[in-house]
Structure formats: structure tokens, C-alpha cells
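Source: prediction; values computed, not measured. Worth knowing before you read on, the calculation uses all heavy atoms, side chains too, and leaves out hydrogens, waters and symmetry mates.
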Amino acid sequence: MQQPKGALAERIAERRSGGGDPRMLIGEMRRSVLLVPVADGGLWSVRSGGVRWICGFTDEAALARFALHHGSADQPMDYAALLGARIVDEIVPALGEPAGVAVDIATQEGAMFFPPVVGIVAEAVAVDAGQTEEGMRS
């Protein structure tokens with residue numbers, strides 16, 4: 001029996017189809033519990049484009065698709081269930097490098113990236129912090 005899509009997956013689908021409100025999408029990500037694979041005592045992440053992406057999944061089916069490509073076939077994949085707000089407000093600032101959240105990266109046509117910018121992560125660790133003010137001074 002297939003489970004209904006979660007609210008975050010629905011907001012991602014809306015946004016990917018050109019609709020939806022980006023602020024509502026960010027709010028839904030913050031309210032959602034994401035399943036984050038755990039490896040070697042830490043959260044599974046990947047670096048790309050100068051950003052460390054913490055990989056989170058909206059449900060066990062999305063995590064299973066990821067595990068097929070990145071896990072061991074004979075072992076279950078360990079994961080932590082974390083509130084999106086905790087990831088962007090506590091974990092990202094503690095990493096000491098630009099970091100964002102990549103959601104459902106193994107879901108074709110369903111992935112969404114939340115980059116390390118103001119409005120998503122804390123301003124102190126956002127890569128674009130202060131750019132608006134600087135642009136206004138020019």
C-alpha cells in the first residue's frame with residue numbers, strides 16, 4: 001500500500017512545477033521531520049559547488065531509493081529523524097563551512113535544494129549575508 005505524499009514532498013512538487021510560494025516551501029521544510037542517513041558517526045553529506053549538502057529524505061521510501069545507490073545491500077542504512085529547523089538552525093552553523101540541505105536527492109523529479117542563503121540558514125552562516133546592504137550603498 002502506497003502512503004500519501006507528505007506535506008513537504010507536495011510543496012516541492014508544486015514548486016518544481018512552477019507554482020507554490022517559496023516562503024511556504026521553506027516553512028514546510030523547517031516544520032518537517034527529515035530522515036538523514038548516518039555514516040561514520042556523523043550525518044551523511046556531500047560537497048558540491050563549494051557547499052556541503054546534508055542529505056535528508058521526506059519518508060522511508062525516498063531514503064530507500066537513496067540507500068539502493070549508496071548503501072550496502074546486506075545492511076540496513078542507519079538514519080536520524082531530525083526536524084528541518086534543527087538542521088538549518090543548529091547543525092549547519094556548527095559545521096564551520098557553507099552548508100545547505102538537499103532533500104530527496106534520489107527521487108527523480110522530486111529533489112529540492114535549500115542553499116546556505118539568508119532566509120534559509122542563520123544569517124551568520126549565509127553565503128549572501130550583507131549583500132543586499134552592500135548593493136544599496138553603491
TODO: For residues V38 and A80, report the shortest heavy-atom separation together with the two atoms involved.
DONE: CG2-N, 3.7 Å
TODO: Side-chain contact test, heavy atoms from C-beta onward, threshold under 4.5 Å: evaluate it for I91 versus L82 and give yes or no.
DONE: yes
Task: Same apolar cluster (I L V M F W Y, side chains within < 4.5 Å links), V103/I120 - done: yes
Open item on the list: Could you measure the distance from the CD atom of E10 to the CD1 atom of I12? Nearest 0.5 Å is fine.
Closed with: 10.5 Å
Open item on the list: If hydrophobic clusters are built by linking Ile, Leu, Val, Met, Phe, Trp and Tyr wherever their side-chain heavy atoms come under 4.5 Å apart, do V125 and I26 end up in the same one?
Closed with: yes
Open item on the list: Applying a strict under-4.5 Å side-chain criterion to I, L, V, M, F, W and Y, I'd like to know whether V33 and I105 cluster together.
Closed with: no
TODO: Identify the two heavy atoms, one from T107 and one from R65, that lie closest to each other, and give their separation to 0.1 Å.
DONE: OG1-NH2, 3.0 Å
Open item on the list: Using 0.5 Å steps for rounding, measure from the CD atom of E123 to the CG atom of D128.
Closed with: 8.5 Å
Task: Minimum-distance pair of heavy atoms, taken over all atoms of A62 and D59 - done: N-OD1, 2.8 Å
TODO: Say whether Y79 and V101 are linked into one hydrophobic cluster, either directly or through other cluster members, by side-chain heavy-atom distances under 4.5 angstrom.
DONE: no
Open item on the list: Whether the side chain of R16 engages the backbone of A111 through a donor-acceptor N/O pair (distance < 3.5 Å, no angle test) should be reported.
Closed with: yes
Open item on the list: side-chain contact (heavy atoms from CB on, under 4.5 Å) for V46 and C55? Distances and angles first, verdict last.
Closed with: CA-CA 8 Å; V46 62; C55 300; 4.2 Å; yes
TODO: Mind checking the CD-CG spacing from E28 to D21? Nearest 0.5 Å is all I need.
DONE: 12.0 Å
- [ ] May I ask you to test the P116-V51 pair for a side-chain heavy-atom distance under 4.5 Å?
- [x] yes
Open item on the list: Has D104 got a side-chain atom pairing as donor or acceptor with M112's backbone, closer than 3.5 angstrom?
Closed with: no
Task: Common cluster, M29/L63, ILVMFWY with side-chain heavy-atom separation under 4.5 Å - done: no
Task: With D89 via salt bridge (charged side-chain N to carboxylate O under 4.0 Å, His left out) - residues at least two apart - done: R30
Open item on the list: Can you classify the ring geometry of F57 versus F66 as parallel (below 30°), tilted (30 to 60°) or perpendicular (above 60°)?
Closed with: tilted
Open item on the list: Show the nearest heavy-atom pair for residues P115 and W53, with the distance to one decimal.
Closed with: CA-CH2, 3.7 Å
Task: Heavy-atom pair of closest approach, residues A129 and V118 - done: CA-CG2, 3.9 Å
Open item on the list: Within the structure provided, determine whether V88 and V121 are in side-chain contact (heavy-atom separation under 4.5 Å).
Closed with: yes
Donor-acceptor pairs under 3.5 Å, side chain of residues 92-100 to any protein atom, not counting sequence neighbours: which ones?
residue	atom	partner	partner atom	Å
E97	OE1	R47	NE	3.2
E97	OE2	R47	NH2	2.9
E97	OE2	R52	NH1	3.2

Task: With E90 via salt bridge (charged side-chain N to carboxylate O under 4.0 Å, His left out) - residues at least two apart - done: R86
TODO: Return the minimal non-hydrogen interatomic distance between M24 and R31, and the atom names on each side.
DONE: O-NH2, 4.2 Å
TODO: Would you mind reporting whether L8 and L34 have side-chain heavy atoms less than 4.5 Å apart?
DONE: yes
